[in-house]
Protein chains: 2
Amino acid sequence: MTDAAESVASSGRRRKSGAATIYDIAEAAGVNPSTVSRALNQPGRVSAKTEARIRAAADELHFQINPLARALPTGRTNTIALIVADITNPVVFETIRGAERAASIAGYTLVISESQESGAVEANTVERITPAVDGVILGTTRLPDKEIVRLAERKPLITLNREVKGIPHLASDPSHGAQQLVDHLDELGHRSIAFLGGPSRSWMSSRRWEALLHAARSHGIAIFEIGPHSPTLAGGAAAFERAEASGATAVVAYNDLVAIGLIQEATRRGLRVPDDLSVAGFDDIFAAELITPPLTTVRSDLRGLGSDAVRHLLRTIGVGEPVDGTADVTTELVVRGSTGTVRQN
Amino acid sequence: MTDAAESVASSGRRRKSGAATIYDIAEAAGVNPSTVSRALNQPGRVSAKTEARIRAAADELHFQINPLARALPTGRTNTIALIVADITNPVVFETIRGAERAASIAGYTLVISESQESGAVEANTVERITPAVDGVILGTTRLPDKEIVRLAERKPLITLNREVKGIPHLASDPSHGAQQLVDHLDELGHRSIAFLGGPSRSWMSSRRWEALLHAARSHGIAIFEIGPHSPTLAGGAAAFERAEASGATAVVAYNDLVAIGLIQEATRRGLRVPDDLSVAGFDDIFAAELITPPLTTVRSDLRGLGSDAVRHLLRTIGVGEPVDGTADVTTELVVRGSTGTVRQN
DNA sequence: CATCGATTGTCAATCGGTTGCCAACCAGAC
DNA sequence: GTCTGGTTGGCAACCGATTGACAATCGATG
């Protein structure tokens with residue numbers, strides 16, 4: 001009887017995968033659990049001697065704090081969520097990487113979730129995740145403004161490449177890279193540029209267009225927009241005829257995928273890039289340097305974007321220096337082989 | 001005084017971002033909190049009438065269960081972790097996507113973490129994450145066997161492309177794809193194949209080598225391994241001279257990146273692919289179809305790998321049908337332009 | 001009309017920490 | 001030896017759920 005009772009009691013104690021708790025440490029060190037908690041978290045709150053004893057016991061038992069149990073009373077989960085539309089998008093995963101690193105350095109865990117390009121899935125995911133995180137980054141959101149505002153009332157939130165009134169957001173500012181690109185094309189002798197726009201309501205596409213427009217005007221170079229196009233290889237291929245017909249000697253696509261699609265189609269039709277047509281893109285995705293010819297493109301510091309987003313969020317939560325407003329991430333031209341001097345007729 | 005006390009009390013109540021708790025619902029519905037819990041989780045445990053009343057109150061208050069609070073007594077977090085060495089690796093992120101989807105469908109959240117190719121970082125991350133998840137997937141681990149075994153004792157764990165005795169693991173089985181590739185090369189007239197191996201202790205590289213070896217022998221085709229090479233473009237470029245010197249008419253690289261590096265170097269040296277040399281890879285990364293010529297490669301069902309891993313893990317946790325052992329994921333040849341008939345001398 | 005059995009709801013303990021408040025303790029000053 | 005002020009450690013409540021044990025309720029039956 002006694003044995004049975006004892007075994008029940010002990011098995012009850014160590015039910016959870018045998019992980020040591022502060023109670024175990026307290027017992028081993030001969031102090032109260034609260035003292036253990038203080039020794040481990042509030043430097044100086046307990047005497048050096050007891051702290052040493054407690055730490056020794058903690059090591060001994062391979063103590064590892066249970067983040068869930070801690071989160072309950074404090075409300076701090078040390079976790080932030082990053083929601084993206086499509087993980088396989090090269091633009092997205094560099095951002096993920098930056099965010100992951102920044103979070104990791106700060107001792108935070110990053111939860112990544114993919115909304116599969118669907119607003120409904122995204123709403124669902126965010127609902128589910130929000131209560132378990134300290135903040136949310138909407139990487140490529142499909143949510144309506146209203147919804148975003150509502151979420152921001154519950155938890156600190158920041159958007160990337162999406163402007164919603166009253167919500168902090170971060171974006172890459174294409175103006176520097178666009179200016180460099182136009183400078184570059186000007187030097188090569190181009191006097192007329194066609195811009196292949198992205199999806200009609202793409203905020204990014206219009207920002208890039210405006211940056212190019214501004215730069216081109218400052219050079220007195222003609223520029224016009226063709227579009228919209230879907231942001232895919234097929235979109236670029238489909239743009240070919242209109243681009244060629246336009247008579248422009250240089251084509252700038254709103255992203256690399258479209259630029260690559262255009263190059264492939266042009267090559268298929270017997271045009272040589274860059275001899276017959278110069279092509280440039282935006283993003284500098286991994287494949288940009290692998291294709292033939294390698295793509296001249298405007299690179300965004302996506303990793304910086306991701307890490308800045310995390311840092312900003314952490315600051316509003318109270319980790320790191322106080323928040324200093326959001327500063328956009330810069331962009332830079334990467335010259336490769338797809339742009340060249342204008343053919344002399 | 002009374003007012004002050006009241007305001008303190010109420011602010012104390014709604015301290016946490018105003019989220020409603022089961023206590024609020026209980027009060028609104030005039031029942032005990034435990035009844036609320038049962039009404040929401042144990043179908044039939046409370047009368048239909050009360051349940052309806054409770055659900056109404058829950059909706060009214062926009063109740064959302066606090067996953068942390070639930071996890072504490074149950075030990076279930078509804079979260080699983082996926083640890084990878086490098087998020088930007090194309091092979092990795094398809095796996096991530098598969099895992100994310102499978103998890104999401106099962107109502108689980110996937111936590112992704114990058115170990116930055118470092119065993120120490122990985123060990124650290126795993127330590128930190130383990131107590132807050134129901135299971136762990138080691139995607140591309142650098143941990144020593146001993147450590148993995150130790151982790152597996154604490155939480156359900158599965159490895160991908162890494163065999164550790166006694167630990168469930170999942171891999172893509174290259175044999176089918178390798179067989180198809182050799183069939184294909186045989187048809188094109190190749191009688192001698194060079195294999196560009198990966199890093200010396202790469203488990204994946206040796207599995208692929210063995211699969212090719214087996215297939216080549218069954219065809220009576222000569223095959224030999226050159227290497228090791230680093231799994232990068234540079235690694236492929238560096239392999240060029242030895243590959244050419246070998247006299248093989250076809251080169252199979254252990255992954256696409258190496259294959260692409262080889263093609264680029266060969267092209268730079270004036271060789272034509274596939275006319276002078278056929279090249280193939282493994283993985284079918286995104287860039288494989290973008291390069292010139294597009295790469296013939298053996299594709300793994302990486303998305304399947306990721307989702308299988310999650311499903312397996314969930315089953316051992318007790319979600320879904322009982323566990324049925326691990327079955328490797330299959331591979332398939334994708335023929336593109338980098339392989340061709342042997343040049344007739 | 002009393003009793004039985006099944007159904008429904010409540011109590012209270014628990015998960016593993018955190019933290020406000022208080023008491024014990026200590027050393028030094030008087 | 002007493003008083004003072006600052007440390008140090010303990011008690012107990014609490015975070016928001018879950019759950020075993022039990023009591024109340026209800027309808028049906030003898």
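Naming convention: chains lettered A, B, ... in sequence-line order (proteins, then strands); numbering from 1 in each chain. This structure is a prediction, so every number in the text was calculated from the model and none was measured.
Distance, B:Lys49 NZ to D:dC26 P: 9 Å, rounded to whole Å. What separates OH of A:Tyr23 from C1' of C:dA13 is a distance of 13 Å, to the nearest Å. One interatomic measurement links the two molecules: CZ of B:Arg76 to P of D:dT18, which rounds to 13 Å at whole-angstrom precision. Atom CG of A:Leu72 is separated from atom C1' of D:dA13 by 13 Å (rounded to the nearest Å). Rounded to whole angstrom, the span from the CG atom of B:Asn41 across to the C1' atom of D:dA17 amounts to 9 Å. For the pair B:Ile25 CD1 and C:dG9 C1', the interatomic distance rounds to 17 Å; values are reported in whole Å. For the pair A:Leu40 CG and C:dT18 P, the interatomic distance rounds to 8 Å; values are reported in whole Å. To the nearest angstrom, C1' of C:dG9 lies 8 Å from CG of B:Asn32.
Residue B:Ala69 is the one, among B:Gln42 and B:Ala69, whose nearest nucleotide of DNA chain D lies closer to the 5' end (criterion: closest heavy atom).
Look at A:Asn66 and you won't find any side-chain N or O under 4.0 angstrom from OP1 or OP2 of C:dC15. Neither OP1 nor OP2 of C:dG17 sits under 4.0 Å from any side-chain N or O of A:Ser37. Taking 4.0 angstrom as the limit, A:Thr50 places a side-chain polar atom (N or O) nearer than this to OP1 or OP2 of D:dG9. Residue B:Thr35 places no side-chain N or O under 4.0 Å from the OP1 or OP2 atom of C:dT8.
Within the 4.5 Å cutoff, the side chain of B:Arg311 has no heavy atoms near those of the B:Leu314 side chain. Side-chain contact between A:Ile80 and A:Val136 is absent, with no heavy atoms from C-beta onward closer than 4.5 Å.
Checked by atom type, the side-chain pair A:Arg38/A:Asn32 shows no donor-acceptor distance below 3.5 Å.
Proximity note for B:Ile22 (side chain, C-beta onward) versus C:dG16, C:dT18, D:dT18: the nearest is D:dT18. Minimum atom distance to the side chain of A:Pro73 is reached by D:dC15, of the listed D:dG9, C:dT10, D:dC15. Comparing D:dG10, D:dC15, D:dT8 by their closest approach to the side chain of A:Ser47 singles out D:dT8. Of the listed nucleotides (C:dA12, D:dA12, D:dA17), C:dA12 has the atom at the smallest distance from the side chain of B:Ser34.
For B:Arg142, the salt bridge (Lys or Arg N to Asp or Glu O under 4.0 Å) partners are B:Glu117, not counting sequence neighbours. In terms of the side chain to side chain donor-acceptor pair (under 3.5 Å) criterion, residue partners of A:Asp134 (sequence neighbours excluded) are, by chain and number, A:Thr77. Residues forming a side-chain contact (heavy atoms from CB on, under 4.5 Å) with B:Glu60 (at least two apart in sequence, or on another chain): none. Checked against salt bridge (Lys or Arg N to Asp or Glu O under 4.0 Å), B:Asp328 has the following partners two or more places apart in sequence or in another chain: B:Arg207.
If one axis is set at each end of the helix from C:dC1-D:dG30 to C:dC30-D:dG1 from five pairs, those axes are 70° apart, to 10°.
Contact of A:Thr21 with C:dC15 (side chain to base): no donor-acceptor pair of N or O atoms is detected under 3.5 Å.
Checked for salt-bridge contact, B:Arg162 and B:Asp145 meet the test: a charged N lies under 4.0 Å from a carboxylate O. The residues A:Arg150 and A:Glu127 are annotated as salt-bridged, a charged nitrogen and a carboxylate oxygen being separated by less than 4.0 angstrom.
Residue contacts for B:Val31: at a heavy-atom cut-off of 4.0 Å it reaches the sugar-phosphate backbone alone, with no base atom in range. At a threshold of 4.0 angstrom between heavy atoms, the contacts of B:Leu68 with the nucleic acid are absent.
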Base versus backbone protein contacts along nucleotides 21-26 of chain C [heavy-atom cut-off under 4.0 Å; B, S, -]: B-----

Give the intermediate values and the outcome of side-chain hydrogen bond (donor to acceptor under 3.5 Å, both in side chains) for residues B:Ser34 and B:Ser37. CA-CA 5 Å; B:Ser34 59; B:Ser37 173; over 6 Å; no

